[in-house]
Amino acid sequence: GERLHRVVELKFFAGLEISEIAAVTGTSPATVKRDWEKARALLYAYVAEGEPSEPLQPESVRSQAP
């Protein structure tokens, strides 16, 4: 969902720490950690299989899609 996209953007692209992401998103560090672990699993599956069930794309890329 949207929350996973946000966590990936902040952690992977912006390089924020779990505690910083929690502060930015208004969620607990435990929730952010779970979201990051889930997102990492999805990203790993994408790299391994090349076909994710739901593409993880930054908002800017997704909003420009036809």
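One-based numbering along the sequence shown.
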Say whether Phe13 and Val32 are linked into one hydrophobic cluster, either directly or through other cluster members, by side-chain heavy-atom distances under 4.5 angstrom.
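Yes, one cluster joins them.
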Side chain to side chain donor-acceptor pair (under 3.5 Å) partners of Arg40, counting only residues at least two apart
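With sequence neighbours excluded, Arg40 shows a side chain to side chain donor-acceptor pair (under 3.5 Å) to no residue whatsoever.
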Sequence neighbours excluded, every pair satisfying salt bridge (Lys or Arg N to Asp or Glu O under 4.0 Å) that has a member inside residues 23-37
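Listed once each, the pairs are Arg3-Asp35.
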Contacts under 3.5 angstrom, residues 15-26 side chains, donor-acceptor by atom type, not counting sequence neighbours:
| from | atom 1 | to | atom 2 | distance (Å) |
| --- | --- | --- | --- | --- |
| Glu20 | OE1 | Glu17 | N | 2.7 |
| Thr25 | OG1 | Ile21 | O | 2.8 |
| Thr25 | OG1 | Thr27 | OG1 | 2.8 |

